[in-house]
Amino acid sequence: MDILISGASVAGPSLALWLHRTGHRVTVVERAPALRGGGYAVDFRGRVHLEVLRRMGLLDAMRARATHMGDIAIVDRHDTVAATMPSAIFSGDLELLRGDLGEILYDATRDHVDYVFGDSVATITQDAGGVDVTFERGRPRRFDLVVGADGVHSRVRELVFGPAPQRSLGVYGCIFTMPNEFGLDRAGLMYNEPRRTVTIGGVNPDQAVISLFFTADGLAYGQQDRHDVERQRRIVAGAFAGAGWRVPRLLEAMHTAPDFWFDSTTQVRMERWSRGRVVLLGDAGYAGGPGGNGTGLAVVGAHVLAGELAAAPFGRAFEVYEHRLRPYVETCQQQASGGADFLVPSTDRKIAQRNRFFRTIRYLPPVKHLFRHLATRTATAFDLPDYGVLGHTRNLSGNRGNVL
């Protein structure tokens, strides 16, 4: 089939890899003018995620570019260490920079997939035989199937499904990189004030990743602000006005960072992930938010969707894809729903409780296994199907799952 994928982040190229292997002709359209970078880190957790990467043939390449981040020291405004957050909690089993992940996926597919950068879907019209798509810049084309893998603010979802039921997690955040002037090498610092969290990650001696997260009641931030970077910078600066520690210096660097990213934390909860010949994948259909295993869900979802398309006609394939994956998605979303007080504690008391938890848990044997369990219990809650038609024979079972 001729298949269009909207979105060249993680889910889209992952699906493109499998669809090419099973004989389909794939076009990936991406709004950005070039492959998106990103100095922030993403991670994969547990044996289910790692097994999918192995089946893709990319696990070794990703391990070669892993960050190997160490622990994060939680400090007060005087740089006194109050507690230590183990790397297993925030880095999973395999962490790499978003830009590195994108390059690996793109390099694995670029010779077999038609990538179109600097364009986006304008209209979608379906009939019994196919899907007519117009683009903002390119000529109209007809496809057999269309996949919306274009993120939380999916254009494909908007065109085909209308406004999506979204659940705000009440947290806003920005991420950017700056020169590493903190002496951190594969280590991090975290600083909290009520409703504000700052993290500095020294991914290498030259570069630091800065994360600024906060909660705000009644913040005026809407659809029209998503592409207004200067407006976003002003929002962050206002939210962190008067904050102590190193925050003034970080805000100064934020205003000139070329890779600044900002958004609200939102979950997407759809009643259906497909309509006719159009299907949603990854954050476009089931964004989980921070702590919801979004990167892992993207590659797992791509594997399941491709496997079902290889096994059955698209109508049946879409149904089974959703039947298999939805319980896993709901488990991940449930985990993320309770993450706001962990990510951005709202009071001094909650900050102290979290710090006390990390100080106490380090003395409970066996600590290493406990941290691994806490970090991967949701990510492994899935029975990964064994699609022989995709060219592999090994089955990997998680803790629980749903198969037909």
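Just the heavy atoms: all of them, side chains too, but no hydrogens, waters or symmetry mates, feed the values below. Fair warning: this is a prediction, and the values are worked out from it, not measured in the lab.
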Check: So Phe176 and Trp261, ring-ring contact (aromatic ring centres under 6.0 Å, His included) or not? Walk me through it.
Finding: CA-CA 6 Å; Phe176 59 93; Trp261 170 91; over 10 Å; no

Check: Would Arg233 count as a cation-pi partner of Phe260, with NZ or CZ less than 6.0 Å from the six-membered ring centre and within 45° of the ring normal?
Finding: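 Cation-pi check for Arg233 and Phe260: passes.
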
Under 3.5 Å side-chain donor-acceptor pair for [X] and [Y]:
X      : Y      : value
Thr197 : Asn192 : yes
Asp259 : Thr177 : yes
Asp263 : His153 : yes
Asp150 : Ser6   : yes
Ser168 : Thr266 : no
Arg167 : Ser337 : yes
Asp79  : Trp245 : yes

Starting at [atom1] of [X], measure out to [atom2] of [Y] and round the result to the nearest 0.5 Å.
X      : Y      : atom1 : atom2 : answer
Leu212 : Tyr172 : CG    : OH    : 16.0 Å
Arg36  : Glu30  : CZ    : CD    : 4.5 Å
Arg354 : Arg359 : CZ    : CZ    : 10.5 Å
Met190 : Met85  : CE    : CE    : 3.5 Å
Arg195 : Ile351 : CZ    : CD1   : 12.0 Å
Leu50  : Arg47  : CG    : CZ    : 11.0 Å

Note to self: Would you say that more than 12 heavy atoms from the other residues, nucleotides or ligands in this model lie under 6.0 Å from the CD of Glu136, or not?
What the structure shows: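 More than 12 heavy atoms, drawn from other residues, nucleotides or ligands, come within 6.0 Å of this atom.
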
Checklist line | Crowding at CZ, Arg31 (>12 non-hydrogen neighbours, <6.0 Å) | finding: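 Count not over threshold, so no.
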
Give the minimum heavy-atom separation between [X] and [Y], together with the two atoms involved.
X      : Y      : answer
Tyr286 : Leu281 : OH-CD1, 3.4 Å
Ala66  : Leu94  : CB-CD1, 3.7 Å
Gly46  : Thr380 : CA-CG2, 3.8 Å
Leu105 : Pro13  : CB-CB, 3.8 Å
Gly282 : Ala11  : CA-CB, 4.4 Å
Pro385 : Val304 : CD-CG2, 4.3 Å

Item checked: Centroid separation Trp273 to Tyr321 less than 6.0 Å ->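 Ring centroids of Trp273 and Tyr321 are less than 6.0 Å from each other.
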
Check: Would Val278 and Gln126 count as a side-chain contact (heavy atoms from CB on, under 4.5 Å) if you check the C-alpha gap in whole Å, the side-chain angles of each, and the deciding distance to 0.1 Å?
Finding: CA-CA 9 Å; Val278 179; Gln126 302 188 58; 3.6 Å; yes

Checklist line | Electrostatic pair Arg45-Asp93, nearest N-O below 4.0 angstrom | finding: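 Salt bridge flag = no for Asp93 with Arg45.
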
Checklist line | Test: Arg55 and Glu51 ion pair at under 4.0 Å | finding: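 Counted as a salt bridge, because a side-chain N and a carboxylate O are separated by less than 4.0 Å.
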
Just by modelled atom types, is the [Y] backbone N or O under 3.5 Å from a matching donor or acceptor in the [X] side chain?
X      : Y      : answer
Arg186 : Asp71  : no
Arg277 : Val131 : no
His303 : Val52  : no
Thr376 : Ala379 : no

Check: Hey, mind stepping through Val133 and Val146 against side-chain contact (heavy atoms from CB on, under 4.5 Å) and telling me if it holds?
Finding: CA-CA 9 Å; Val133 180; Val146 172; 3.9 Å; yes

[X] side chain near [Y] side chain, heavy-atom distance below 4.5 Å:
X      : Y      : value
Leu189 : Ile72  : no
Leu184 : Ile200 : yes
Val203 : Leu97  : yes
Val300 : Val48  : yes

Next item on the list: Determine, stepwise, if the pair Tyr115 / Tyr106 fulfils ring-ring contact (aromatic ring centres under 6.0 Å, His included).
Entry: CA-CA 9 Å; Tyr115 279 89; Tyr106 180 61; 4.9 Å; yes

Next item on the list: Before giving the answer on side-chain contact (heavy atoms from CB on, under 4.5 Å), spell out for Arg272 and Glu322 the whole-Å C-alpha distance, their side-chain angles and the decisive distance to 0.1 Å.
Entry: CA-CA 8 Å; Arg272 293 289 305 274; Glu322 182 169 342; 3.7 Å; yes

Next item on the list: Please work out which of the three classes, parallel, tilted or perpendicular, describes the rings of Phe262 and Phe214, given edges at 30° and 60°.
Entry: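 Answer is parallel, since the angle falls under 30°.
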
